[in-house]
Amino acid sequence: MKTDCLILWAVAAAAAWAAPAGAECVQVGKFPAKIVPEQAMVLTFPSRGEVTDLVLDTSRRVEKGTIVGVLDKAKTAEELEDMELQLNRERLNKRDELRKLENQREKMRFYLGLSKNERTYAKDIKPEEGLEISRAALKDIDERMELTQKELSTFERRRRNEFAAKNDPKTLRMPFTGRLQYHFNLPENPEEPFEYTQGSSRPFASVCDDSAFYISINVNSSELSLLPPENLSACVELPGGERLVGKFSNRRVEQGSASADMLVYFFRLPEEDHARAYDMLGTSSTAKLFYEMEEGVELIRKDALLLHPAASSCEDWAALVRAARPGYELVLVTDRYIVARKQPSAAQGS
C-alpha cells in the first residue's frame with residue numbers, strides 16, 4: 001500500500017510540471033488547436049464598383065453599426081432619386097383616381113337621398129351617364145377606393161423592398177463591436193472614392209468580436225467526452241516559454257470539412273492574454289489538454305499496472321484496473337497513465 005502511494009505521488013509530481021496552476025492535473029493528450037474570438041464574420045461586396053466610407057483607423061476597436069465600406073454610393077443615390085420620382089408619379093395618378101371615385105360616391109350618395117320628384121330637378125348633379133345608381137353600385141365604389149389605396153401602398157412597399165434588396169448589401173457595417181481588418185491594401189488617399197475590382201470573389205474585410213478569446217479543440221475521443229468538462233483546461237505553449245492557458249467554457253457540435261460532425265471544446269483565455277490571442281488568429285497550433293482530478297480519482301502508471309499478477313490474464317485496461325484496484329473503475333487511458341475513479345458503492349462503503 002505504501003509503495004502504491006509513492007508511485008501515485010511520483011506520477012502526480014511528474015505530470016504537474018506541465019499542467020496549469022491549481023489542483024492536481026494530468027495531461028490527457030495533445031490536440032490540434034486554434035485561437036478563436038467570441039465571434040467572427042467575413043464581409044463581402046456583391047460586385048465590383050466604386051468604394052467609399054472606409055474606416056481610416058483600424059488599429060482601434062470599431063463600434064457595432066459603424067459603416068466600413070459603401071459600394072457605388074453616388075450611383076445608389078441617383079437610383080434612389082429616380083425611385084422617389086416614380087413613387088411620387090404613382091401617388092399622383094392614384095390620387096387622381098381616388099378623387100374621381102370620391103366625387104362619384106358623393107354625387108351618388110346625394111342623388112340616392114333625393115325623392116323621385118327631387119331627382120327631376122337634380123340633373124346637373126346626377127352621376128355620369130352609364131353609371132348604375134344604386135346602393136350596390138355605391139358599395140362597389142367604396143370597395144374600388146379601398147382597392148386603389150391598397151394598390152398604391154403595395155406598389156410603394158414592393159419598390160422600396162426591391163431597392164433595399166439590391167442596394168443594402170452595398171453598405172457594409174460592423175455586425176458587432178470589435179476589430180476590423182481589410183483584405184486589400186488601402187489606397188493612397190482612402191478618403192477619396194476608389195475602384196474596387198475584387199467583387200464577390202474575395203472577402204472585403206474580416207471582423208472579430210475581441211471581447212473574449214478561446215482555445216478551440218476538436219475532441220475525437222469518446223472517453224474524453226465523458227469527462228466532466230468543467231474539470232478540463234487547455235494550454236498552448238508560445239516561444240520564449242510563455243503559455244496561453246484557458247479554462248473550459250463551453251462545447252458544441254460543429255460540422256467538419258468532410259461533412260462529419262465534430263465535438264468542439266472552447267477554453268476561455270484571461271483578459272490579459274487577449275492581445276497575444278488576437279495576434280494568433282488564423283494560425284494553427286497544438287494544445288495540451290489537462291484534466292483536473294476530482295475527489296475519488298487516482299492516477300496510476302501503466303507500467304506499474306503491468307507488473308500486477310493479474311496483468312497476463314486481463315483482456316483490457318478496464319479489467320486490469322478492476323483486478324489491481326478493487327472498488328475502482330477506468331475513467332481514461334492516456335499515453336503513460338490510467339485515470340481511475342472510485343465506484344459510488346465503494347465510496348459509500350468507505
Side-chain angles (χ1 to χ4, degrees), residues 4-5 7-36 38 212-237 243-254 256 260-271 273 277 285-302 304-305 316-322 324-350:
D4 287 345
C5 291
I7 290 174
L8 290 175
W9 179 87
V11 170
W17 72 271
E24 188 175 53
C25 294
V26 57
Q27 180 179 320
V28 295
K30 292 183 179 181
F31 299 87
K34 291 183 179 180
I35 306 298
V36 297
E38 180 69 29
F213 289 92
Y214 303 85
I215 301 172
S216 70
I217 296 176
N218 299 337
V219 175
N220 54 7
S221 167
S222 58
E223 292 178 330
L224 287 178
S225 65
L226 296 177
L227 292 178
E230 62 274 10
N231 286 58
L232 297 176
S233 58
C235 172
V236 173
E237 295 181 347
R243 299 181 302 168
L244 295 178
V245 179
K247 293 291 292 181
F248 174 80
S249 171
N250 61 88
R251 61 183 177 181
R252 63 172 179 259
V253 175
E254 295 185 352
D261 291 339
M262 302 182 303
L263 182 60
V264 183
Y265 280 58
F266 295 87
F267 301 85
R268 186 166 184 149
L269 296 172
E271 188 172 353
D273 289 335
S285 57
T286 299
K288 296 178 179 178
L289 188 63
F290 292 93
Y291 169 56
E292 181 181 309
M293 296 188 298
E294 65 265 42
E295 184 178 356
V297 174
E298 292 189 8
L299 191 66
I300 310 172
R301 287 179 65 104
K302 282 183 175 180
L305 275 179
D316 54 29
W317 287 110
L320 183 53
V321 167
R322 289 193 298 269
R325 300 287 290 165
Y328 281 76
E329 61 182 351
L330 179 71
V331 175
L332 182 67
V333 179
T334 70
D335 291 340
R336 298 173 59 189
Y337 309 119
I338 297 294
V339 180
R341 179 190 293 117
K342 184 177 293 186
Q343 295 177 332
S345 57
Q348 292 172 2
S350 61

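The analysis underlying the following values was restricted to heavy atoms, covering all of them including side chains, and did not include hydrogens, waters or symmetry mates.
Gln27 is not listed as a side-chain neighbour of Tyr291, based on a closest heavy-atom distance of 4.5 Å or more. Annotation: side chain of Arg268 is not in contact with side chain of Lys247 (no heavy-atom distance under 4.5 Å). Within the 4.5 Å cutoff, no side-chain heavy atoms of Ser249 are placed close to those of Phe267.
A search for side chain to side chain contact (heavy atoms under 4.5 Å, CB included) contacts involving Ala340 returns Ile300, Val321, Tyr328, not counting sequence neighbours. The side chain to side chain contact (heavy atoms under 4.5 Å, CB included) test applied to Thr286 returns Lys30, not counting sequence neighbours. Every residue two or more places apart in sequence or in another chain that forms a side chain to side chain donor-acceptor pair (under 3.5 Å) with Glu38 is listed here: Tyr214. Annotation: side chain to side chain donor-acceptor pair (under 3.5 Å) contacts of Arg322 (sequence neighbours excluded): none. Residues meeting the side chain to side chain contact (heavy atoms under 4.5 Å, CB included) test with Glu329, sequence neighbours left out: Arg341, Gln343. Remark: Thr334 pairs with Val28, Leu332, Tyr337 by the side chain to side chain contact (heavy atoms under 4.5 Å, CB included) rule, at least two apart or across chains.
Within a 6.0 Å radius of CD in Glu230, more than 12 heavy atoms belonging to other residues, nucleotides or ligands are found. Around the NZ atom of Lys34, the shell of radius 6.0 Å holds no more than 12 heavy atoms that belong to other residues, nucleotides or ligands.
In plain terms, the two heavy atoms of Ile217 and Ala287 that are nearest each other are CD1-CB, 3.8 Å. A pairwise comparison of heavy atoms in Ile338 and Lys302 identifies CG1-CG, 4.0 Å as the closest pair. Residues Ser233 and Leu289 come closest through the heavy atom pair O-CD1, 3.3 Å. Residues Val36 and Ser216 come closest through the heavy atom pair CG1-OG, 3.8 Å. In terms of heavy atoms, Arg251 sits closest to Pro229 at CZ-CG, 4.1 Å.
Note that CZ of Phe31 is 13.0 Å distant from NZ of Lys288, once rounded to the nearest 0.5 Å. With rounding to the nearest 0.5 angstrom, the CG atom of Asp273 is 10.5 Å from the CZ atom of Arg243. Within the model, atoms CD1 of Ile35 and CD1 of Ile215 stand 5.0 Å from one another, a figure rounded to the nearest 0.5 Å. The line from CG of Leu232 to CZ of Phe290 is 11.5 Å long, rounded to the nearest 0.5 Å.
Salt-bridge check for Arg325 with Glu298: passed, with a basic side-chain N closer than 4.0 Å to an acidic carboxylate O.
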Using the side-chain contact (heavy atoms from CB on, under 4.5 Å) rule, take Phe213 and Leu244 through it: C-alpha gap first, then chi angles, then the decisive distance, then the call.
-> CA-CA 11 Å; Phe213 289 92; Leu244 295 178; over 6 Å; no
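A donor-acceptor contact shorter than 3.5 Å is absent between the side chain of Asn218 and the backbone of Met262.
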